[in-house]
2 protein chains.
Amino acid sequence: MPSFPAARATMPPLPSKSPRLKRVTLADIAARLGVTKVTVSRALNQPEKVSDVMRERVRECAHELGYMPNRQAGSLASGRSQLIALLIPSLSNAVFSELHRGLEAPLAARGYQLLIGHTGYSMEEEERLIETWLSFGVDGLVLCGSRHSKRAIEMIARSGCAVVECMEKREAPLDMAVGLDQHAAGRAMTEAMITRGHQRIGLMAARMDQRVEQRLGGWQSALEAAGLTQDYLMTTTAPSSVQLGSELLAEMLQRWPELDAIFCCNDDLAAGALFECQRRHIAVPADIALAGFNGLEMTRSTCPPLASVVTPRRDIGARAAALMLARLEGDTDATPSGHWEDLGFSLQTGGSL
Amino acid sequence: MPSFPAARATMPPLPSKSPRLKRVTLADIAARLGVTKVTVSRALNQPEKVSDVMRERVRECAHELGYMPNRQAGSLASGRSQLIALLIPSLSNAVFSELHRGLEAPLAARGYQLLIGHTGYSMEEEERLIETWLSFGVDGLVLCGSRHSKRAIEMIARSGCAVVECMEKREAPLDMAVGLDQHAAGRAMTEAMITRGHQRIGLMAARMDQRVEQRLGGWQSALEAAGLTQDYLMTTTAPSSVQLGSELLAEMLQRWPELDAIFCCNDDLAAGALFECQRRHIAVPADIALAGFNGLEMTRSTCPPLASVVTPRRDIGARAAALMLARLEGDTDATPSGHWEDLGFSLQTGGSL
DNA sequence: TTGTATGCGTTATCAT
DNA sequence: ATGATAACGCATACAA
């Protein structure tokens with residue numbers, strides 16, 4: 001692996017940064033225009049409450065001076081920050097970036113800014129982030145999953161902050177919830193495999209977060225209902241990756257050569273398993289069937305395309321945003337505390353079943 | 001694609017959320033302890049400046065009351081937010097999540113919180129986000145790339161905010177910069193293909209952001225230097241995806257059946273191209289060689305593993321954090337405005353060359 | 001339509 | 001080691 005040289009340098013003394021000029025504030029504009037700060041504030045934030053000429057003069061002056069509002073001051077005074085924090089387990093998992101996409105547009109449309117925190121699948125880190133964002137005065141919190149530390153729950157309760165819990169079925173949410181039944185999804189995919197005639201169906205799981213455990217439960221109950229063995233179970237708490245999928249496949253085949261299908265608890269694992277099959281010239285699905293979970297874009301392009309459970313993560317984000325907005329904009333009856341929604345899922349059979 | 005039912009419900013009128021109790025502030029603790037707010041503030045933030053007993057009494061009381069500091073007020077008063085914003089083009093691109101990983105730990109260790117904004121590869125959106133975060137008083141800004149709107153640059157200059165520009169070589173940065181020479185990287189990979197004996201080397205690119213264009217330039221100059229044709233060029237501004245890689249490969253092979261190698265401007269495209277080759281029973285690299293860019297985890301697991309340019313995005317994040325911290329903590333001589341670093345790259349030859 | 005007065009919760013500056 | 005006072009920049013209630 002050839003490596004290419006790194007370099008570093010510092011440019012000749014550039015014209016040093018202009019000394020941090022004093023911030024332009026409402027008062028500056030007011031002074032320049034011979035009016036009071038209130039008028040300026042109104043001209044900018046409640047334009048209808050001010051005369052047309054005033055409004056224009058203020059705007060022009062603000063632009064000229066390069067005025068930039070100080071939102072900390074604004075939030076402090078008003079008690080509302082227009083900030084909503086989304087806490088996700090992982091940034092690199094496409095599932096969460098799509099959840100984020102679903103949330104962002106509707107929130108932005110109403111003037112809310114979405115903050116992202118990533119917990120690394122740790123409840124402690126989640127607690128830390130909740131504390132951080134609450135102390136920055138977020139108006140709302142969007143969490144993943146249903147398990148949170150006791151202290152996190154207390155802090156949230158005390159703050160009175162709106163909360164939507166995402167991704168799982170959650171019949172008694174902290175506040176509101178949108179998700180899908182991960183257990184049912186795991187069961188449905190397993191049943192689909194059984195329907196296709198597979199009998200020795202293994203399960204491969206990594207990370208073992210809350211949702212993976214629910215999927216695993218679904219796999220178990222489907223097998224149990226069909227009177228099939230639940231012995232072919234390979235789990236690890238290591239982070240999921242494509243490479244890990246290849247490794248786990250190798251290990252499972254060695255331990256249980258009789259396997260005729262493997263349900264991988266996410267698409268990365270499934271892809272890795274598929275690649276390993278290609279390396280070993282094991283035909284998928286003729287020799288062994290594979291399925292993943294989430295239905296990421298990639299699963300539709302592999303050779304063959306991977307079966308997967310398609311989860312509506314983008315819709316989940318969109319609904320979470322809607323609930324949050326309804327709550328925040330006072331439409332409180334539409335979204336009482338305790339409200340939850342199950343957005344379902346669908347099966348993509350691909351070519352690997 | 002079977003679909004599974006969605007459900008929604010609202011639970012029976014739960015014991016309604018306790019009415020947002022008044023926030024616990026420094027003043028509450030002070031009153032309870034018969035001291036002033038200043039003392040309480042000091043006990044919590046500059047423990048050494050207060051007597052041992054006082055410190056303990058304050059801490060205990062704060063805990064008892066469930067005190068949570070209001071950082072908006074703190075920032076407003078102190079002029080520093082301990083907030084640093086990272087603006088990335090895309091959340092779903094693993095390159096940026098790894099950049100983020102590199103940044104986060106060192107910043108968190110010094111008490112800074114990292115904000116993430118995603119621009120969708122749009123300069124306008126970047127400008128909007130810069131405005132937003134500056135108005136929230138961030139102490140630092142980490143940007144991707146070297147092209148920013150005029151207004152964005154003005155706002156940054158006026159704010160006096162510290163800036164690190166990431167990912168590209170940048171010899172005259174706004175403030176500081178860390179990256180790699182994308183042109184050189186594109187050229188090096190192309191040269192590696194030439195060295196392997198390939199003569200008709202195509203390039204496949206999507207999204208066409210700043211860095212992709214630089215890689216393309218590298219490809220061109222390598223071909224030019226070797227006296228090879230630059231005709232086999234297929235670009236689209238559509239977002240990159242694995243599926244798109246498959247489609248573009250199909251189109252390129254139809255147009256130029258003589259191609260013996262394709263340099264894909266990122267790993268997703270390369271993976272899609274590889275899968276399409278598998279579908280068509282085109283041997284890689286015997287019939288056609290493939291290479292990607294970035295060296296994502298996945299490239300090491302495909303069959304065969306993909307050649308790729310490995311970029312040190314995590315290190316870039318770490319260096320960016322170090323520069324930012326040095327600047328913010330007053331160690332200003334170590335990181336004068338104009339400072340830049342090239343962290344280099346390496347080639348992973350995989351099995352697809 | 002505009003202005004006055006006050007408060008948001010904290011930190012900074014000087015004192016004591 | 002602790003306190004008094006004054007910012008920080010803006011929004012809100014109420015008044016004119």
Side-chain angles (χ1 to χ4, degrees), chain A residues 20-59 61-62 65-83 111 134-139 158-160, chain B residues 20-58 62 65-83 111 134-139 158-160:
Chain A
R20 199 179 202 115
L21 327 98
K22 201 186 159 313
R23 249 188 161 296
V24 177
T25 73
L26 283 187
D28 298 322
I29 301 180
R32 207 148 184 279
L33 259 41
V35 298
T36 60
K37 300 187 289 181
V38 203
T39 306
V40 179
S41 172
R42 276 195 282 246
L44 296 172
N45 303 320
Q46 314 172 49
E48 73 283 0
K49 296 199 144 192
V50 101
S51 72
D52 295 7
V53 279
M54 191 72 248
R55 190 184 321 137
E56 268 323 300
R57 289 181 59 204
V58 168
R59 282 185 174 162
C61 181
L65 264 47
Y67 170 71
M68 176 171 300
N70 181 327
R71 303 257 268 153
Q72 325 218 55
S75 304
L76 185 57
S78 71
R80 308 177 6 93
S81 63
Q82 303 275 99
L83 244 30
L134 285 179
S135 72
F136 273 107
V138 296
D139 295 333
R158 197 177 344 248
S159 76
Chain B
R20 198 176 203 119
L21 328 97
K22 200 185 159 313
R23 245 186 164 297
V24 178
T25 75
L26 284 187
D28 297 323
I29 301 180
R32 209 147 182 279
L33 259 42
V35 298
T36 62
K37 300 186 290 182
V38 201
T39 305
V40 178
S41 173
R42 277 198 280 249
L44 296 172
N45 302 319
Q46 313 171 51
E48 74 283 1
K49 296 198 142 192
V50 101
S51 71
D52 294 8
V53 279
M54 190 74 249
R55 190 182 324 135
E56 268 324 300
R57 289 180 60 204
V58 168
L65 264 47
Y67 170 71
M68 177 172 301
N70 181 330
R71 304 255 270 156
Q72 325 220 51
S75 305
L76 185 58
S78 71
R80 312 186 353 99
S81 63
Q82 302 276 101
L83 246 28
L134 285 180
S135 72
F136 273 106
V138 295
D139 295 332
R158 202 183 333 257
S159 75

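Convention: sequence-line order gives letters A, B, ...; per-chain numbering from 1.
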Calculate the interatomic distance between [X] atom [atom1] and [N] atom [atom2]; express it in whole Å.
| X | N | atom1 | atom2 | answer |
| --- | --- | --- | --- | --- |
| A/Leu26 | D/dC8 | CG | C1' | 13 Å |
| A/Arg23 | D/dC8 | CZ | P | 12 Å |
| A/Leu33 | C/dG3 | CG | C1' | 15 Å |
| A/Lys49 | D/dA13 | NZ | P | 9 Å |
| A/Leu76 | D/dT12 | CG | C1' | 13 Å |
| B/Phe136 | D/dC8 | CZ | C1' | 17 Å |
| A/Arg55 | C/dT1 | CZ | P | 9 Å |
| B/Arg71 | C/dC8 | CZ | P | 21 Å |

So, is [X] close to the [N] phosphate, meaning a side-chain N or O under 4.0 Å from OP1 or OP2?
| X | N | value |
| --- | --- | --- |
| A/Thr36 | C/dG3 | yes |
| A/Ser41 | D/dA11 | yes |
| B/Ser51 | D/dT2 | yes |
| B/Asn70 | C/dC8 | no |
| B/Ser78 | C/dT10 | no |

Identify which nucleotide among [options] has an atom closest to any side-chain atom of [X], counting heavy atoms from C-beta outward.
| X | options | answer |
| --- | --- | --- |
| A/Ala73 | D/dT12, D/dG9, C/dT10 | D/dG9 |
| B/Thr25 | C/dT2, D/dG3, C/dG9 | C/dG9 |
| B/Ala77 | D/dC10, C/dG9, D/dT2 | C/dG9 |
| A/Arg42 | C/dG9, C/dT13, C/dG3 | C/dG3 |

Can you work out whether A/Met68 or B/Thr39 has the more 5'-proximal nearest nucleotide on DNA chain D? B/Thr39

Assign each of A/Lys37 and A/Met54 to its nearest nucleotide of DNA chain C by heavy atoms, then name whichever residue's nucleotide is nearer the 5' end. A/Met54

Taking the nucleotide of DNA chain C with the nearest heavy atom to each, does B/Gln72 or A/Val35 sit closer to the 5' end? A/Val35

For A/Val38, which contact category applies under a 4.0 Å heavy-atom criterion: base, sugar-phosphate, or nothing? base

Shortest non-hydrogen separation from A/Ile29 to A/Cys61 and the atoms involved: CG2-SG, 3.8 Å

Just by modelled atom types, is the B/Lys37 backbone N or O under 3.5 Å from a matching donor or acceptor in the B/Ser41 side chain? no

Criterion side chain to side chain contact (heavy atoms under 4.5 Å, CB included) on B/Glu56 and B/Asp52, from CA distance to verdict: CA-CA 6 Å; B/Glu56 268 324 300; B/Asp52 294 8; over 6 Å; no

Does the side chain to side chain contact (heavy atoms under 4.5 Å, CB included) test come out yes or no for B/Val24 and B/Met68, once each step is laid out? CA-CA 7 Å; B/Val24 178; B/Met68 177 172 301; over 6 Å; no

Kindly indicate, with the supporting measurements, whether the criterion side chain to side chain contact (heavy atoms under 4.5 Å, CB included) is fulfilled by B/Asn70 and A/Phe136. CA-CA 6 Å; B/Asn70 181 330; A/Phe136 273 107; over 6 Å; no

Test B/Leu44 against B/Arg55 for side chain to side chain contact (heavy atoms under 4.5 Å, CB included), laying out the working first. CA-CA 7 Å; B/Leu44 296 172; B/Arg55 190 182 324 135; over 6 Å; no

